[in-house]
Each structure stands twice: as C-alpha cells, then as structure tokens.
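For reference, the structure discussed in these notes is given below.
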Amino acid sequence: MADCNSTTGLFQHKDKRVPMTDKDANGGGGNGKLDPFDPAALRLSQDFVGMSGVKKELVTVRVRKPGKQEWFRVHPGEDYRLSPLAMINLKEEGEYYVVDPSVYEALANEVIFVSLYTVITRQGVVTLWPIPLPAADGKDNEWWLSAREAATRAMTQWVRVVANKSNNANDIFTGPASMAEPEWPNRPFRDLLEIAFGRGYRVDSLTHPVVKRLQGLA
Amino acid sequence: MLEQFREVVLVDFEFETITDHPDPVCLGMHEVHSGRTIRLMRDQFDPVPPYGTGSDTLFVAYFASAEIDCHRALGWPIPTRILDLFTEFRDRFNGVSTVGGNSLLGALAQFGFDGIDAAAKDEIRKAIGDGTWRGKYTPEEILDYCETDVTALKRLLPAMLPGIDIPHALLRGRYMAAVSAMQRNGVPIDVEMLAKLREHWKAIQEDLIAAIDVNYGVYEGRTFKMERFVRWLTTNSIPWPRLESGRLDLDDKTFRQMAKAHPAVSPLRELRSSLADLRLEDLGVGSDGRNRAMLSPFRARTGRNQPSNTKYIFGPSVWIRGLIKPPPGHGLAYIDWSAQEIGIAAKLSGDENMMKAYVTGDPHLAFAKQAGAVPPDATKDSHEDVRDQYKQCNLGVIFGLGAEGLAARIDQPTYVARELLVQHRATYRQFWKWSDAAVDHAMLYGRIWTVFGWHVRTGPDTNPRMLRNFLMQSNGAEMLRLACCLATERGIKVCAPVHDAILICAPLERLEQDIATARAAMAEASRAVLSGFGLGTEVKRVHYPDRYMDKRGIKMWQTVCGLIEKRINKRAA
C-alpha cells in the first residue's frame with residue numbers, strides 16, 4: 001500500500017531548498033493563504049533543469065578524425081588546441097598515444113607531430129582531432145593541408161570532411177549558416193587531455209606497452 | 001488551514017437522474033467548526049442553501065460537480081470556494097496504484113477507513129438514481145444513507161488535509177463548477193439524423209464496408225484480411241508499425257497515428273473504429289437534443305478529462321461529429337489553441353529558438369528554416385513536403401517518438417528520421433535540456449508537476465516517454481481548465497471541452513461577441529500558464545442549418561449519409 005498518511009516523499013517540494021514558484025520559494029507550499037484564483041500567485045516553477053541537480057559527466061574523449069558523415073565544429077579558442085604535439089598512431093587499432101618529450105628522441109621513427117584540435121559533433125560528442133604537421137624538411141601533403149583547412153573553417157561553421165582518394169585530399173562540405181551553434185562542455189582543455197590520454201594513452205617511458213609492441217617485444 | 005474560512009461545510013446530495021439534469025432528492029451537510037449537521041429532504045429546502053456560498057465558506061465534497069449540478073437544479077448560488085476531495089485524491093496518488101480505485105469508498109479504504117457496505121450502497125444509490133426509491137425506502141432511510149457520505153467526508157478531510165495544497169486545490173475545485181456548467185449545456189445534436197443513423201446503422205454496415213473498401217480491397221465480407229492490408233500498404237508504399245511478434249500493429253491508436261501521417265488511411269480507420277466500437281444507442285442525447293456525458297475530469301494521468309468514448313460525441317469516431325448541429329437561430333464555434341503543445345514546450349522550457357518559431361505562426365516551417373532545410377523565404381506551399389517532415393518531428397518529439405516511429409510517420413528511412421531528431425536536438429537545445437531534466441527529476445525525486453500543482457508520481461513501471469509528454473499535456477490541461485472556468489463564469493455557453501479546444505454555442509446575433517469573449521478567456525488562460533506568453537487561437541464557425549464536420553471524417557460521413565438516403569428512397573419506392 002502506498003504511503004498515504006505521511007507527507008514525506010509525496011510533498012518534497014515544500015522543502016525550502018527547492019524554489020517552487022516564479023516569485024518565491026514557498027509559494028506552492030500549502031500555507032493556504034494564497035488567492036486561489038490569482039494564477040500569477042499560484043504558478044509553480046517548471047525549472048526542472050535547476051531543480052534536478054543532474055549534470056552530464058564527460059568521461060570519454062576519443063582521439064580521431066571526424067567520420068565522413070559527421071558534421072562537426074572545432075573549438076575556436078587557442079587554449080583548446082595544442083601544436084606541435086608528438087604522438088604515436090597505431091593505425092590498425094585507430095589509436096593515438098601522446099609521447100612525452102623525455103622519450104620521443106628514442107622513438108623518433110615512430111613519432112608524428114600534429115596539431116590537436118577540440119571537436120564537437122552535432123550530437124554533442126566531444127573528440128580530439130590530430131592533424132599532422134609538415135615534416136621537419138617542410139614536406140606537406142594535400143591530405144593534411146585540406147584537413148587543416150577544414151579545421152579552420154569548422155571554427156566558424158559546421159563542416160563535414162570526406163576522403164577523396166582520387167584527389168588525394170579531403171573534400172570539405174559546409175553546412176548552412178542557420179545551423180545552431182554548438183554547446184561546448186564547460187571543461188578546460190587540460191581536462192579533455194586527461195580524459196583522452198589519462199588511462200594509459202601517454203607514453204612516458206620506453207617500457208610502455210606500446211613501445212614494447214613497436215619493438216616486437218609484446 | 002481551515003481557520004481562514006468562517007464555515008467549512010461537508011456536503012452531499014442524493015439525486016435522481018431520470019431527466020436530462022440531476023434532480024435533488026435530499027441534502028446532508030456537516031459544518032466543521034460548529035459541529036452542526038443538517039439533513040433535509042427536497043420538500044424542506046429553502047430558496048437558498050443552509051450554508052454560505054461566498055469566499056468565507058469552504059464547500060467540501062467528493063466529486064463536487066454532482067453537488068454543483070444540484071445547486072444549479074435548485075437555482076442556488078454556486079459556491080466560490082470548492083474543495084473536492086476526489087480531485088485531491090487523484091492528485092495525491094496520480095501515477096501510483098491505489099487500494100480500491102478513486103471512488104469515495106476507494107479513498108476511505110486508502111486511508112484505512114471502513115466504508116458502508118458497497119453492495120448495499122449500490123442498491124440504494126441505484127434506487128435513488130432511477131427514482132424507484134419511493135415506496136422502497138423511507139425518507140429517513142434516504143437521509144441516513146446520505147449522511148453516510150457526509151460521515152465519510154468527515155473522516156477523509158482530516159486524513160487528507162495535511163497533504164492538500166489549499167490554493168491549488170481550490171483552483172481544481174473551481175473547475176468542477178465549470179464541468180457542471182458544461183455538462184448542463186451539452187452539445188446540440190441533429191436528433192433527426194441521429195434517429196436515421198440509429199435505425200439504419202446495422203443494415204448499412206455491409207454496404208458501408210463495400211463502399212469504403214472499394215479503395216482498399218482489404219475486406220472479405222465483414223472480415224478485415226491482414227494479407228490484403230499488407231498488399232495495400234505495399235502498393236501505396238506505406239510503412240506500418242509492427243508488434244514484437246512481427247505482425248502488423250492493428251491497434252486503433254496506431255491506426256489513428258498513421259491516419260495523421262497518411263490521410264489515405266483515414267477512411268479505413270474510421271470504418272474499422274466504427275464497426276468495432278460505435279454504439280449509437282449509448283450516445284447520451286437528452287430530450288432537449290443535447291449530448292451529455294460525464295466529462296470525468298482529472299481521470300487521465302495528465303489531469304485531462306476522460307469522458308466515455310461511446311457516450312461522448314467527441315469520442316474516437318470523428319465522422320459521427322457530423323451529428324453536431326446548432327439549434328435554429330444559433331451558431332457554434334470550435335475554438336482551439338494554435339500548436340498548443342509546442343507553445344507550452346517553448347515557453348516552459350525557456351527555449352528561445354522554439355519561442356521564435358512559435359510566434360511565426362507556423363512553427364513547423366520555422367523549424368525547417370532554423371535547421372537550414374529550406375531557404376528563409378520558403379512557404380508552406382513552396383516546401384509542403386519538407387514542412388510536413390519537420391511538423392511530424394516537432395509533434396513526435398512531444399510524445400517522445402523515436403527515430404523508427406518517426407520514420408514510419410514520415411514515410412522515410414530511419415536515418416532520415418534520426419537526422420531530423422538530431423536537428424531538433426541541435427536547434428532546440430534548451431527544450432531538450434529541460435525535457436531531460438524533467439525526466440531526471442521525476443525519476444530521482446518521485447514526481448513532477450504542472451504550473452498549478454497537478455502531480456504525477458513515479459513508480460517501478462513508470463515509462464520515461466510518459467514523463468516526457470506529461471508536462472506538455474498536463475499543462476495543456478491546466479490551460480483548458482482555466483479557460484473553461486473563465487469562459488463559463490463570463491456567461492459563455494461552453495458545450496464541450498475537447499483536448500485543446502472548446503465548443504461554444506450562442507444565438508447568431510451574439511455569436512461573434514461570445515467568440516471574442518471565449519478567445520479572450522483562452523488567451524488569458526494561456527498567459528496564466530505560460531507566464532505571459534499568450535497562445536493564439538483559431539475558430540471554426542458553424543451557423544444553423546449547417547452542421548459541424550471534422551475534415552478527417554468527411555468521406556465516411558458522406559458515404560454513410562448516401563447509403564441511408566439510398567435505403568430510405570428504396571423503401572419509399
């Protein structure tokens with residue numbers, strides 16, 4: 001049988017911590033003195049966003065190129081990108097590892113240098129996009145150039161990139177200006193890096209499993 | 001809590017129901033502060049009630065519209081402060097199961113009180129209702145019986161009072177007076193046509209099936225053949241929802257939804273629904289030619305009315321609404337809010353984009369423009385198909401429709417529907433944040449509520465889709481209730497509340513004035529619910545001798561009328 005005699009639970013909104021009316025915190029609270037026919041006095045808050053106290057936690061940040069069907073934006077803030085950054089890319093696994101400066105000389109043959117951008121998709125999924133920088137000798141290619149161009153455009157408009165093998169470059173598609181602006185998570189770039197690389201995706205010693213694997217030892 | 005009232009009167013009438021309106025037999029009353037109890041048979045009544053009806057008297061009843069009906073029958077003033085323990089019981093346990101339902105006996109049982117023997121109660125109530133009590137029961141026995149309900153109120157009030165939010169309860173009680181007024185008005189019916197329908201309905205059914213089925217080919221005799229329906233759907237490229245078993249979902253609710261997305265389905269749906277459920281004899285029409293059904297206020301979880309489908313002219317077979325016809329010299333107006341649910345969602349969520357879309361007057365086309373699917377100068381005519389997809393998405397979201405359901409509605413692959421939903425989320429981000437938070441709040445804290453305090457509570461079987469839909473529907477119900485209060489209190493003859501609309505009746509020379517008054521009441525109600533954000537209304541007028549017609553039912557109505565005429569002519573020949 002339902003708890004019918006106790007008001008506990010059933011009438012929690014009388015708790016003064018929860019703002020109930022548009023006017024004050026106790027408006028709906030049964031003091032019995034409000035004018036029953038004055039709608040303004042009777043209104044209870046519908047601010048469930050404020051009352052629920054629920055927030056979405058960011059627990060996963062993948063490091064990858066946006067998919068060919070994904071519309072995305074790049075965070076325009078300079079404090080939301082990093083360049084140059086040394087990384088190892090395990091292509092078969094589609095995994096990126098950030099390489100600590102203390103070891104990258106020893107891994108020079110495996111390391112690539114990238115610019116790392118913060119990306120958000122239309123579905124609100126946050127990722128990091130590593131785009132290779134020109135090689136030390138200044139050698140660049142159309143894949144990288146077109147990717148950087150896409151990232152720059154995506155700072156102000158919605159973009160989609162599709163690999164065009166016959167052109168050896170990415171085709172860039174832009175969405176209409178009327179598409180709604182993205183809502184970026186309220187987390188600093190540092191946190192995004194920690195979420196993305198904090199669980200074993202940082203190579204800071206030559207005993208890291210990825211190094212062993214590259215050396216054929218694992 | 002009760003001290004603010006000079007009098008707190010617990011009231012119960014017994015009444016006969018053999019005429020169009022309740023006819024009071026006796027009254028039982030107990031005044032809480034003084035302990036005074038009064039029992040009166042009809043012939044002992046004075047021209048005014050033995051209690052006050054002003055704002056210093058709290059009038060307490062269980063399902064108060066019946067008591068208010070008696071006040072109207074007696075020409076007594078309508079109480080201005082009504083506390084209905086039925087509405088409060090519904091509010092308190094809405095969404096969770098109760099021990100014994102929502103009747104007075106059920107409420108007593110819920111709070112651990114014994115009621116009088118239910119069987120005995122039914123017997124005497126029936127005798128009073130049908131007027132056969134005379135000779136079977138003495139006036140003293142009738143008064144004793146009446147007093148048992150007053151005694152029940154005496155027990156129930158203190159048990160429920162700590163959980164009652166008096167101002168909101170009084171607003172609900174106020175609506176019970178409006179319900180009484182609307183039930184008394186009733187909906188004017190073309191009784192001549194109804195008589196013909198009743199006479200010929202059974203006889204024309206086979207011809208009716210043949211006439212409608214000519215465009216479908218799904219019937220074999222009177223039997224609806226599934227494989228033929230599949231063939232028709234395939235030929236017409238209409239994707240149809242399926243059950244887990246893989247069979248087509250032939251539920252009337254599904255047919256109704258699909259008829260909205262695919263108008264070609266509508267006549268078939270009307271036919272199936274009518275053959276299965278239409279019971280013309282049950283349609284309650286009084287000697288004054290008015291359809292009356294108990295509106296059953298607050299019965300739905302959303303707080304909406306839930307009148308009997310078979311007794312109410314606004315039941316599910318929409319073609320039967322062609323029977324609605326104003327009396328000579330009168331007109332009807334069907335006034336509904338424009339895109340009410342979207343307006344509610346926009347304002348209550350605080351979504352600026354959705355509010356901007358609403359105020360354009362065409363929120364569906366505005367959504368398509370905001371999402372970049374059509375150019376800024378697109379019109380309803382230039383981009384009808386795209387607009388329709390965005391409309392289905394707009395409306396589907398309110399009901400928590402997923403990608404597959406939306407795909408079926410718009411007759412497109414699931415990825416198209418999924419992209420529409422993505423666009424909706426991206427365009428109306430604040431709405432989604434609010435909608436998600438409302439579901440979270442309900443699941444975390446056990447309940448959510450409307451602006452005027454109608455609650456739904458969550459239990460182990462609560463469906464999140466219901467919660468998502470609840471705030472639009474239940475706040476829409478608040479809006480309708482307040483509009484009905486304002487309109488009836490301002491002298492408008494409201495015949496019926498219909499989801500997001502009201503039907504009013506007035507002499508032709510006063511019709512426009514009454515329409516203006518009713519629209520003003522509806523605008524005021526929308527501003528009250530939505531903190532000043534007024535929703536627009538649309539009016540459909542019907543002047544005698546024309547009849548009301550729902551466009552979804554025109555084909556069926558015309559077919560039925562044609563068949564009846566044919567039979568009558570044949571008989572005459």
Side-chain angles (χ1 to χ4, degrees), chain A residues 1-15 18 20-23 27-56 69-71 73 120-124 158 174-183, chain B residues 1-2 4 81 92-93 96-99 110-112 159 162-171 173-174 348-350 353 369-372 376 422-423 425-430 433-434 436-438 440-441 444-453 455 457 471 475 482 525 527-529 531:
Chain A
M1 179 174 143
D3 174 18
C4 52
N5 291 313
S6 162
T7 57
T8 309
L10 291 177
F11 291 89
Q12 286 170 352
H13 67 284
K14 291 177 183 171
D15 185 329
V18 181
M20 284 304 303
T21 71
D22 289 352
K23 289 191 165 179
N31 59 20
K33 287 180 183 161
L34 288 175
D35 177 354
F37 300 154
D38 174 10
L42 291 174
R43 286 192 94 261
L44 300 181
S45 172
Q46 298 286 288
D47 177 18
F48 293 105
V49 177
M51 285 184 281
S52 70
V54 173
K55 60 176 183 176
K56 184 179 175 183
Q69 286 158 349
E70 269 180 335
W71 290 96
R73 292 287 292 271
I120 190 165
T121 68
R122 288 271 281 166
Q123 286 80 6
W158 288 94
T174 55
S178 56
M179 288 168 76
E181 287 293 298
E183 188 175 27
Chain B
M1 206 182 288
L2 299 181
Q4 60 183 304
R81 296 290 185 269
R92 188 156 180 174
F93 294 98
V96 294
S97 54
T98 54
V99 170
Q110 188 76 35
F111 285 90
I164 293 177
D165 186 341
I166 290 287
H168 289 125
L170 295 185
L171 188 60
R174 180 185 178 187
L348 293 186
S349 69
N353 279 345
K369 288 180 184 176
Q370 287 169 327
V422 166
Q423 288 181 17
R425 274 193 178 265
T427 308
Y428 303 127
R429 201 172 292 128
Q430 177 57 29
K433 202 181 272 183
W434 174 76
D436 291 344
D440 282 336
H441 191 284
L444 276 171
Y445 302 112
R447 56 200 187 86
I448 45 177
W449 54 86
T450 64
V451 292
F452 296 145
H455 296 79
R457 302 174 199 285
L471 290 174
N475 280 302
L482 185 55
R527 287 195 302 271
V529 171
S531 284

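Reckoned from all heavy atoms, side chains included, excluding hydrogens, waters and symmetry mates. To find a chain, count down the sequence lines: A is the first, B the second, and so on, and within it residues start at 1.
Ranked by heavy-atom pairs under 4.5 Å with chain A, the first of B/K369, B/K433, B/Q423 is B/K433. Note on A/M179, A/Q123, A/R122: by heavy-atom pairs under 4.5 Å with chain B, the leading option is A/R122. The most heavy-atom pairs under 4.5 Å with chain A, out of B/L471, B/V451, B/I448, come from B/V451. Among the candidates A/G124, A/G53, A/A180, A/A177, the residue making the largest number of heavy-atom pairs closer than 4.5 Å to chain B is A/A180. Per-residue counts of heavy-atom pairs under 4.5 Å with chain A were compared for B/L2, B/N475, B/T450, B/T98; the largest is that of B/T450.
One N or O on the side chain of A/R43 and one on the backbone of B/V529 form a donor-acceptor pair closer than 3.5 Å.
Classified by interplanar angle (parallel below 30°, tilted 30° to 60°, perpendicular above 60°), the ring pair B/H455/B/W449 is tilted.
Summarising the geometry, atom OH belonging to B/Y445 is positioned 9.5 Å from atom CG belonging to B/D440; distances are rounded to the nearest 0.5 Å. In this structure, B/H168 NE2 and B/I166 CD1 are separated by 12.0 Å, a value rounded to the nearest 0.5 Å.
In this structure, the portion of B/Q430 lying under 4.5 Å from any heavy atom of chain A is its side chain and not its backbone. With a 4.5 angstrom heavy-atom cutoff, B/L482 touches chain A only via side-chain atoms. Only the side chain of B/R81 has a heavy atom closer than 4.5 Å to any heavy atom of chain A. At a 4.5 Å heavy-atom cutoff, the contact between A/P39 and chain B is made by backbone and side-chain atoms alike. B/A371 touches chain A through its backbone: at least one of N, CA, C or O sits under 4.5 Å from a heavy atom, while the side chain does not.
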message = Would B/R457 and B/F93 count as a side chain to side chain contact (heavy atoms under 4.5 Å, CB included) here? Give the steps.
response = CA-CA 7 Å; B/R457 302 174 199 285; B/F93 294 98; 5.9 Å; no
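You'll find the ring centres of B/H441 and B/W434 outside the 6.0 Å limit.
Taking 4.0 Å as the cut-off between side-chain N and carboxylate O, B/D436 and B/R425 count as a salt-bridged pair.
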